[in-house]
Peer 1: 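Attaching a single structure in C-alpha cells format; questions to follow.
Start at 1 and go down the list; that is how both ligands and their atoms are numbered.
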Amino acid sequence: MTRSPPIACDLLVVGSGAAGLSAAVTAAWHGLKVIVAEKEAVFGGTTAWSGGWMWAPLNPLARRAGIVEDAEVPRAYLRAVLGNNFDEARVSAFLDAAPRMAAFFENHTALQFEGGLKIPDTYGTVPGAGAGGRSLIAAPYDARELGGLVRRLRRPMRETTFMGMTIQAGPDLAAFMNVTRSPSAFLHVSRRFSRHLLDLAVHGRGMHLRNGAALVGRLLRSAQDLGVDLRADAPALRLLQEGGAVSGAVLGAGDGEVEVRARCGVVLAAGGFPHDRDRRQALFPADRDHLTVAVPSATGDGLRLGEQAGGAVDGSLAAPGAWCPVSLVTFPDGSTGRFPHIIERGKPGIIGVLADGRRFCNEGDGYHDYVNAMLRAVPPGRDVASWLICSRAFQRHYGLGIARPAPIPEGPFIRSGYIKVGRTIADLARVCGIDPEGLERTVADYNRHARRGEDPAFGRGSTLYNRLQGDARSLPNPCVAPIERGPFYAVKVVPGSFGTFAGLKTDGSARVLDAGGAPIPGLYAAGTDMASVMGGHYPAGGINLGPAMTFGYIAARHAAGADDETVDVRKASP
Ligand SMILES: Cc1cc2nc3c(=O)[nH]c(=O)nc-3n(C[C@H](O)[C@H](O)[C@H](O)COP(=O)(O)OP(=O)(O)OC[C@H]3O[C@@H](n4cnc5c(N)ncnc54)[C@H](O)[C@@H]3O)c2cc1C
C-alpha cells in the first residue's frame, strides 16, 4: 500500500451532498482552505437525485414576495408537530440560521433560488402551519457552467427521470402531465425534450439541471470559484485525533492512503446509513424488504467515524428514517429499480389498500405518513405492503408509479408484472393476492362518497397540502373521484426511505456530542449524518435539505470562528 505525504488544510469535509458542499462553500468563503473528500467517483450523493426542495422558513425570497412572519410561528408549528422530540436549542439554531444561510448563498455564490411561495406545510390544521413561502429550490442550471467538472456530477436517477430528463414539481411537471391536453403544455414539453435529445447527442447527458442536480451543480460551481479542493474517489477511512480533538482523517487514495490534517476540524456529511443493513436492522421497524432510494454509497460511514471518535448516535427519534412508499420496478432489460411514490397518491381516483382490501390512511397526506400508517396497520408478523388501486383511465391521465401517463405506453410495465390488471375489482384483487370481497366492499364504500367529492373515512382534500397534491380541475373535491370503469390497475408498494433521520447527536453549532452531551472538539456533523432536527417527524417537504444546507452553513461558520467576535474573518456575511 502506498502512503502519500500528509496534506494540510483548515477544514476537511467528508461527503459531497448538500450538507458537505454547503459547509465547504461557506468555510471557503470565510477564508478557510477546504478539502471535500468524496468516496465515489462522482459528486452530489442522494442530493443530486432529490427533488431539491429545501424547507427554510423566513427566507429572503418569501420576504420579498410579501410573506413576512415571525420566527415564533414556524417554531409553534414545529413544537406542536415534533412533540417530545422538539429540541429547543437546535430548532432555534435552525430557524435563526436558515434565512441567513439562504441570504449568504444568494448574495455571495452561484447558488440562486426560486421560492415555493404556494407550497404549504404538511399538517395544515396544526397551529403555525405555513400556507406557502417556507420552501426554496435551486434555480435551474446549465451544466455547461461547470466546465470539465460536469463529468464528476452524479447522473440522474433512472427511475424518477424520463430518459435522464429531470422534471421539476410545479408548472414544469404540470406541463408534462397535460402534454396531450394543452397546446401550451405540448409546446413546453417539446422544447424541453428536443433540447434534452440534443444534449444527449452532444454531451451524453442532460445539461439542463433542475431539482437536486441544479443544487449540486450550483454548489460545485461555487466551491470551484472559491478554490475548494474537490477530491473524488477519496473515502474517509478513519479520523485522526490529538488530545481528544479531531484533527483530520485518513483518506483512501488509489491503492493507498493519505493523511489529511485539518486545523479547524472535520465535518461529517456522508449521507447517513440507508444502506447499512446492520444499523438498519437495529433501528428500523420491520426491516425485511426495505427499499431505500438513497445512493448506494450512503453506507453509514459518517456515523461509524463519529462513534470511533466518541460521538453518540441518537436512535430515540419518532422514526429512524425519512419514509416513502416505494415500488420495485423491473425494466424491460431485466434490471430492477426503486420508484418513490410521491405524486400520484394525492390525485383524485386512487386509493391505497392492505391485503385484506381495507384502506388505512388519507393517501394524499405526506409520503412519510403513508408508510407510518402502513407500518401501524399491518398486523405483526405479516409482510408490510399495500396496493395502490385505480382505473386504467386514471393511469393514462396521471401515471401510476413508474408507468407514465399518456402518450407513454404502459404495456411494458403490464407485461413485466409491475402493473397488475383486472377486468373487475374482484379480478384485480385476485391477481394481487388481496381479499376480493374486502376490496369490493372498500371500493363500493369509497365510490358512494367519492361521487359527492367526500371522503368521510380519511378526509382527503381537507388540507391545503392535500389540495396541492390533487387536481384543481376535479370538482367538487380535487383529491377525490370514484374508481368506477375498468379495466382496473394496481401496483404494490412497500416501506422505503429517502434516507435516514437517526444520526449523530449534535448541538446547535452542529458539533458532535458524546454520550454525556459534551462536544467533541473539531468534529461536526450535518445532513443525514446528524440526528434530524425534526426529531423523526416530517412536518413539510424539504425538511432534509433545508436543515442539511443550514447546519452545513452553521458548522462551517463555527469552524471558521465567524460567530466569534474576537476572530478576524470576513464578517460581511449575513
Ligand atoms: C428521489 C428523492 C427525492 C428527494 N427529494 C427531497 C426533497 O425535495 N427535499 C428534501 O429535503 N429531501 C429530499 N430527499 C432526501 C434528500 O435528498 C437527502 O436527505 C439528502 O440529499 C441527504 O443529503 P446529505 O448531504 O446528508 O447526503 P448525500 O447527498 O447523500 O451526500 C453524502 C455523500 O457522502 C458520500 N460518502 C459516503 N461515505 C463516505 C466516506 N466514507 N468518505 C467520503 N464520502 C462518503 C456519499 O458517496 C455521498 O456522495 C429526496 C431523496 C430522494 C432519493
Peer 1: Using ring centroids (six-membered ring only for Trp), state whether H537 and Y123 fall under 6.0 Å.
Peer 2: no
Peer 1: Between ligand 1 and T160, is the shortest N or O to N or O distance under 3.5 Å?
Peer 2: no
Peer 1: Between E38 and R152, does at least one N-O distance fall below 4.0 Å, as a salt bridge requires?
Peer 2: no
Peer 1: Is the distance between the ring centroids of Y538 and Y367 under 6.0 Å?
Peer 2: yes
Peer 1: Answer with yes or no whether P235 contacts ligand 1, where contact means a heavy atom under 4.0 Å from a ligand atom.
Peer 2: yes
Peer 1: Between G51 and ligand 1, does any nitrogen or oxygen pair lie at a separation below 3.5 Å?
Peer 2: yes
Peer 1: Looking only at protein heavy atoms, which one is nearest to atom 11 (O) of ligand 1, and how far off is it?
Peer 2: L545 N, 2.7 Å
Peer 1: Short list, please: which atoms of ligand 1 are under 4.0 Å from a heavy atom of W49?
Peer 2: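 Selected atoms, number and element: 1 (C), 2 (C).
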Peer 1: Write out the residue and atom name of the closest protein heavy atom to atom 29 (O) of ligand 1, then the distance separating them to 0.1 Å.
Peer 2: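 Result for atom 29 (O) of ligand 1: T47 OG1, 2.6 Å.
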Peer 1: Check each atom of ligand 1 against the heavy atoms of T528 and keep those under 4.0 Å away; list them by number with element.
Peer 2: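 Numbered from 1, ligand 1 contributes 19 (O), 22 (C), 24 (P), 26 (O), 27 (O).
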Peer 1: Using a strict cut-off of 4.0 Å, indicate which atoms of ligand 1 neighbour a heavy atom of G527.
Peer 2: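 Atoms satisfying the 4.0 Å criterion: 26 (O).
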Peer 1: Count the heavy atoms of every other residue, nucleotide or ligand shown that sit under 6.0 Å from NZ of K492, and state whether that count exceeds 12.
Peer 2: no
Peer 1: Considering only NZ, NE, NH1 and NH2 on the basic side and carboxylate oxygens on the acidic side, decide whether K33 and D10 come within less than 4.0 Å.
Peer 2: no
Peer 1: Work out whether the distance between some heavy atom of A269 and some atom of ligand 1 is less than 4.0 Å.
Peer 2: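 Judged by the 4.0 Å heavy-atom criterion, A269 does count as contacting ligand 1.
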Peer 1: Considering the heavy atoms of G17, write down every atom of ligand 1 situated less than 4.0 Å from one of them.
Peer 2: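 In order of numbering, the contacting atoms are 25 (O), 28 (P), 29 (O), 31 (O).
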Peer 1: Is the backbone of G300 close enough, under 3.5 Å, to the side chain of R279 for a donor and an acceptor to pair up by distance?
Peer 2: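 A pair under 3.5 Å: no.
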Peer 1: Has ligand 1 got any nitrogen or oxygen that is less than 3.5 angstrom from a nitrogen or oxygen of A526?
Peer 2: no
Peer 1: Say whether, by atom type as modelled, one donor and one acceptor occur between the side chain of R210 and the main chain of A169 under 3.5 angstrom.
Peer 2: no
Peer 1: Take every heavy atom of A18, measure it against each atom of ligand 1, and state whether any distance is under 4.0 Å.
Peer 2: yes
Peer 1: Between R338 and T292 (side chain of the first, backbone of the second, donor and acceptor by atom type, cut-off under 3.5 Å), is there such a pair?
Peer 2: yes
Peer 1: Using the test ring-ring contact (aromatic ring centres under 6.0 Å, His included), find all partners of F94 that sit at least two apart in sequence or belong to another chain.
Peer 2: none
Peer 1: Judged on heavy-atom distance to atom 42 (N) of ligand 1, which of G116, G546, A236 sits nearest?
Peer 2: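 When every heavy atom of G116, G546, A236 is considered, A236 comes closest to atom 42 (N) of ligand 1.
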Peer 1: Taking 4.0 Å as the limit for heavy-atom contacts, which would you say applies to S297 with ligand 1: side chain only, backbone only, both, or neither?
Peer 2: both
Peer 1: For E40, take its heavy atoms, then give the atoms of ligand 1 lying under 4.0 Å from any of them.
Peer 2: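 Answer, ordered by atom number: 47 (O).
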Peer 1: Which residue and atom name correspond to the protein heavy atom nearest atom 25 (O) of ligand 1, and how close is it?
Peer 2: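 For this ligand atom, the closest protein heavy atom is A19 N, 3.1 Å.
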Peer 1: Counting non-hydrogen protein atoms only, what is the nearest one to atom 53 (C) of ligand 1? Give residue, atom name and distance.
Peer 2: V293 O, 3.4 Å
Peer 1: Does W49 reach the side chain of V293, with side-chain heavy atoms less than 4.5 Å apart?
Peer 2: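 No, every pair of side-chain atoms sits at 4.5 Å or beyond.
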Peer 1: Which of the atoms of ligand 1 are close to G44, meaning less than 4.0 Å from one of its heavy atoms?
Peer 2: 29 (O)
Peer 1: Does the pair S335 and R158 meet the rule for a side chain to side chain donor-acceptor pair (under 3.5 Å), with working shown?
Peer 2: CA-CA 11 Å; S335 62; R158 181 176 180 185; 3.2 Å; yes
Peer 1: Specify side chain, backbone, both or neither for I543, according to which of its non-hydrogen atoms lie closer than 4.0 Å to ligand 1.
Peer 2: backbone
Peer 1: List the steps and the verdict of side chain to side chain donor-acceptor pair (under 3.5 Å) for T161 and T166.
Peer 2: CA-CA 5 Å; T161 50; T166 310; 5.9 Å; no
Peer 1: I'd like to know if the side chain of W323 reaches the main chain of G499, judged simply by a donor and an acceptor atom lying under 3.5 Å from each other, with no hydrogens or angles considered.
Peer 2: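 No; judged by distance alone, with no hydrogens or angles, the pair does not exist.
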Peer 1: Which of these, T528, I543, V533, sits in a side chain to side chain contact (heavy atoms under 4.5 Å, CB included) with F501?
Peer 2: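 One option only clears the test, and that one is I543.
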Peer 1: Counting each atom of ligand 1 from 1 as listed, which ones have a heavy atom of D301 under 4.0 Å away?
Peer 2: 38 (N), 39 (C), 40 (C), 41 (N)
Peer 1: Are D276 and R280 close enough for a salt bridge, meaning some N to O gap below 4.0 Å?
Peer 2: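 So D276 does not pair with R280 through a salt bridge.
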Peer 1: Select one of side chain, backbone, both or neither to describe which atoms of W53 lie under 4.0 Å from any atom of ligand 1, heavy atoms only.
Peer 2: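 For W53, backbone and side-chain atoms both sit under 4.0 Å from ligand 1.
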Peer 1: Any N or O on N544 sitting closer than 3.5 Å to an N or O of ligand 1?
Peer 2: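 It does: an N or O of N544 is found under 3.5 Å from an N or O of ligand 1.
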Peer 1: Is the closest heavy-atom distance from A298 to ligand 1 below 4.0 Å?
Peer 2: no
Peer 1: For ligand 1, which part of T46 has a heavy atom less than 4.0 Å away: the side chain, the backbone, both, or neither?
Peer 2: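 The answer is both.
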Peer 1: For ligand 1, is C324 a contact, meaning one of its heavy atoms is under 4.0 Å away?
Peer 2: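 Contact absent.
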Peer 1: Who's the nearest protein heavy-atom neighbour of atom 17 (O) of ligand 1, and how far?
Peer 2: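 Going by distance alone, atom 17 (O) of ligand 1 is nearest to S50 CB, 3.1 Å.
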Peer 1: Polar contacts were defined as any N/O atom of the residue lying under 3.5 Å from an N/O atom of the ligand; does this apply to V295 and ligand 1?
Peer 2: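 Between V295 and ligand 1 (N or O atoms, distance only) the closest approach is not under 3.5 Å.
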Peer 1: Give me the residue, atom name and distance of the protein heavy atom closest to atom 52 (C) of ligand 1.
Peer 2: F498 CD2, 3.4 Å
Peer 1: Please confirm whether the backbone N or O of V512 pairs with a side-chain atom of K505, one donor and one acceptor, at under 3.5 Å?
Peer 2: no
Peer 1: Looking at G271, which atoms of ligand 1 are within less than 4.0 Å of one of its heavy atoms?
Peer 2: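 Result: 26 (O), 27 (O), 30 (O), 32 (C).
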Peer 1: When you compare the side chains of R75 and S92, does any donor N or O come within less than 3.5 Å of an acceptor on the partner?
Peer 2: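 Note: R75 and S92 side chains meet the donor-acceptor criterion.
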Peer 1: In the protein, which heavy atom is nearest to atom 45 (C) of ligand 1, and how far is it?
Peer 2: K39 CB, 3.5 Å
Peer 1: Out of curiosity, is G499 lining ligand 1, as in a heavy atom under 4.0 Å away?
Peer 2: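 Per 4.0 Å heavy-atom rule, G499 does not contact ligand 1.
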